[in-house]
Each structure stands twice: as C-alpha cells, then as structure tokens.
Amino acid sequence: TLGWSFAILTLTGAWGWLRGTWGARPAWAGIAALMAGGSLVAVAAGGYTDWLGMFFALGCVVMLNRYDQTEERSALLLSGFFAGLALGTKYTSGLLALAALAALAFGMLRRRRFSLLPLLLFGLMVTAADLPWLAKNLLWTGNPAYPFLFPAGAMTQLRLDGYQNTPPSGDWQDFLLLPVRATMLGAEGAGTYGAAIGALLLGLSALAWLGREQRTAEQRSQVGLNAAIVLTGWLLWAVANRISGSLQQTRYAFALFPALLPLVAAGFQGLAGMRLGQVRLKRISAALVLLALGANLLDTGIGTLRQGSVQHLLGIQSDSAYLAANLGWYQVALESVRDLPEGSRVLMLYEARGYFCTPRCS
C-alpha cells in the first residue's frame, strides 16, 4: 500500500509538472513511459523504497529546473534538500545528487555567470537532509554509511565482500551503450541489469531533438538541463559498474528517471508533429505509446493471475497455499519455525525476511 501510494504521488506530480510546460498529451506520454516498464510497476507493490526515492528525485529535478529558469534561492535549497532525502532513502540515489551538481554547473556556464556558491548551498542541503540517517547509523553501528564501506554492526568483512567486491560486469558495450543494453537486455529477476524498464523511456527521450525550433524558451531550458542530468548520470552509472558489477543493476539508477520525463515529453511532441508525406504521426505516436503501455499492463495482469492473487482474494485459495505457491521452500521453512518449541531462536544467515517468524528469528 505504501509503495503504490508513493507511485501515485510521483506520477501525479510528474504529470502536473510536465503538463504545465508541454501540454496534456506529452505529459501522459511521460507517465506512460514509466508505467510501460514491468519492473517499475512491479516494484510499486513490493517491499522496496524505489518509488519513494523517485518521489524525492522528482522534487529535486522540478526545483532544479525552477532554479535554472528563475534563479530563486529557495528553489535551489529545496532541490538540494530533496536530493538529500532521496539519498537517505537509497544510497545509490547519490547518482542524482552528483548529476544535479554537474547540471547546475552546466546551467551557470550556459548563462556565463559561474559561481561556487550555488554548488556549495546545494551540497549543504543534500548533507542536511541526509544527516539524520547518517547520525542514526553512526550511533547504532559506528559506521555512518552502514552497511557499506567497512565492517560494522552485523556486517562482517565476509558479508561486506559479498556486497561490494563483485567483479565488473560486461565489456566496453556495457560502458558506452549502457542505456540501450539496459533497455533491450534488462529483465526482472534476471542477472546483470535485473529490471525491465520498457522501450518508451529511451525510445522517446532519444527523439528529444525533434521539433526544437518550435519550442518555447522554458521547453528548451528543460531539455538542456535534464539532458545534462541524464548524460552525467549515465556516465556515473557506467563508471560505478566498472568498480562493482552489482552496481550495473538498473534499479540503482531509478533516481535518474524523473529527469528523463521532460525528454520523453519533448520526443513525443516532436514525433507527433512530424509528417511522412501526407501522413501526420500524431495518432501513430499515440498508438505506439498505448501499445507499449497496454503490453506491460497485460503482462502484469497475467503475472498477477499466475501468482494466484485474484484466487486468494476471492477465497478460492488458502493463505498457506498462496504463500507456498509464491515463496516455495521459504514458506515451508517458516511453518517449521512456527512449530518449534516455545523460546526457540532461529538465526537467518542470508536475507533477513522475517515474515511470520518474527520475533523468533534474528
């Protein structure tokens, strides 16, 4: 329920922001691009923080765009604060903070008025928003960046090596063609990229250059700033993968996705305004977006039926049968834990998903 709430907030906010600049149809294309990704839909109903991170990332991007257009100090401070909240939600959202800093510098250079003060203020707000999380970690474990960087708390060197020392994945293609390969090869639960993000995010944003002559100054500003965020984030993501192979996973870059949305809107608007002879591509582009969105919704619906969710809600399938069908031997193990004598304790050696064995499990 929390996951869906954050997803709805993010999508609603993104639609309102895009509609104000690009109009209703491109705004809907931006929302559809997110919802055409199988993993983005699935993760909204899972025990993950990705949509909360994207909600904060959207706040960062919206405020940074506002600052780029108005130079309001409050917009700059809010942008940094949202970036810090995203970082406190998931460490890998630091990609967004670094990319936003680079885009901020790019915007100042474009206006030929460079100053270190906005960069310092942005960085201070990121730190301020992230500070409660860092302080809690330091007090509880002695490591502000827990559970990473060095052994502390329950993280032994062996466990730390399992997280951090994964060999770099792929080859030069995974460095230079990272977004293309993540789009084409990514699949939920599979190795390497590990997420299906659909074709619209990359496909439409790559067309953001179309129709640039007819755009307003605000639209051109949005495309330029967000392209700087995305390209910097792409480079950082590629470098991170060469440091640790586990960082190749696309979900670690989800915080960059809100910056893609104005590019998606621009690409859709440009494509819809094109003509091939006597044929306008307005309806064809809309049909392609609906096709991609519909295919993912169909796939998600089939997956939901295969999981037995509907059968369980209708009372056709019992709780234990539903859990066994989806959790496999894990559910059998949990039932065994519940049958242990009173006062027994169980140590979970890998992923500490307690479910029904809490508080017997550590």
Side-chain angles (χ1 to χ4, degrees), residues 1-12 14 28 31-55 89-90 92 182-202 246 248-255 257 289-340 346 348-361:
T1 304
L2 277 174
W4 273 110
S5 299
F6 294 134
I8 291 168
L9 280 171
T10 306
L11 294 169
T12 305
W28 281 119
I31 299 307
L34 284 176
M35 297 307 288
S39 295
L40 286 163
V41 172
V43 80
Y48 296 94
T49 61
D50 293 297
W51 276 100
L52 177 58
M54 280 195 286
F55 174 67
T89 304
K90 195 163 190 169
T92 49
T183 299
M184 296 182 66
L185 304 179
E188 179 64 31
T192 60
Y193 297 104
I197 59 173
L200 295 181
L201 282 168
L202 178 64
S246 64
Q248 188 184 35
Q249 294 181 60
T250 309
R251 67 181 74 252
Y252 292 152
F254 278 174
F257 283 18
V289 169
L290 288 173
L291 178 64
L293 182 62
N296 184 47
L297 292 177
L298 178 63
D299 187 55
T300 302
I302 292 172
T304 302
L305 288 171
R306 284 176 176 168
Q307 285 179 321
S309 303
V310 176
Q311 298 90 313
H312 178 245
L313 289 172
L314 293 175
I316 300 171
Q317 193 176 38
S318 67
D319 287 358
S320 59
Y322 172 73
L323 291 170
N326 286 281
L327 300 178
W329 281 99
Y330 192 79
Q331 171 63 14
V332 178
L334 293 183
E335 290 178 349
S336 300
V337 167
R338 284 190 293 184
D339 292 337
L340 290 173
V346 176
M348 309 290 280
L349 291 178
Y350 188 51
E351 194 140 0
R353 293 182 287 181
Y355 291 129
F356 304 104
C357 68
T358 303
R360 290 188 178 189
C361 295

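All residue numbers refer to positions in the sequence shown, counting from 1.
Applying the ring-ring contact (aromatic ring centres under 6.0 Å, His included) test to Phe257 and every residue at least two apart in sequence or in another chain returns Phe254.
A donor-acceptor pair is defined here as one N or O able to donate and one able to accept, closer than 3.5 Å; such a pair exists between the side chain of Asn296 and the backbone of Met35. The closest donor-acceptor contact from the side chain of Arg251 to the backbone of Gly194 lies under 3.5 Å. In this structure a side-chain-to-backbone donor-acceptor pair under 3.5 Å is missing from Trp51 to Val41. A donor-acceptor pair under 3.5 Å is formed between the side chain of Arg360 and the backbone N or O of Leu340. Ser318 contributes a side-chain N or O that, together with a main-chain N or O of Ala321, makes up a donor-acceptor pair within less than 3.5 Å.
Taking 4.5 Å as the limit, every side-chain heavy atom of Thr183 sits out of range of all side-chain heavy atoms of Leu201. Counting heavy atoms from C-beta on, the side chains of Gln249 and Thr92 never come closer than 4.5 Å. Between Tyr252 and Lys90 the shortest side-chain heavy-atom distance falls below 4.5 Å. Side-chain contact between Ser39 and Thr250: absent, with no pair of heavy atoms (C-beta onward) separated by less than 4.5 Å.
The two residues Gln317 and Gly308 come nearest to each other via the heavy atoms OE1-O, 3.4 Å. When all heavy atoms of Ala14 and Ile31 are compared, the pair lying nearest together is CB-CD1, 3.9 Å.
Within the model, atoms CG of Leu202 and CD1 of Ile197 stand 7.0 Å from one another, a figure rounded to the nearest 0.5 Å. Distance CZ/Phe55 to OG1/Thr49: 14.0 Å, rounded to 0.5 Å. Here Arg306 contributes atom CZ and Asn326 contributes atom CG; the two are 13.0 Å apart, rounded to the nearest 0.5 Å. A distance of 11.5 Å separates CG of Leu327 from OG of Ser320, quoted to the nearest 0.5 Å. Note that CE of Met54 is 12.5 Å distant from CG of Leu9, once rounded to the nearest 0.5 Å.
Under a cut-off of 6.0 angstrom, the local environment of OH in Tyr48 is sparse, with at most 12 non-hydrogen atoms contributed by other residues, nucleotides or ligands.
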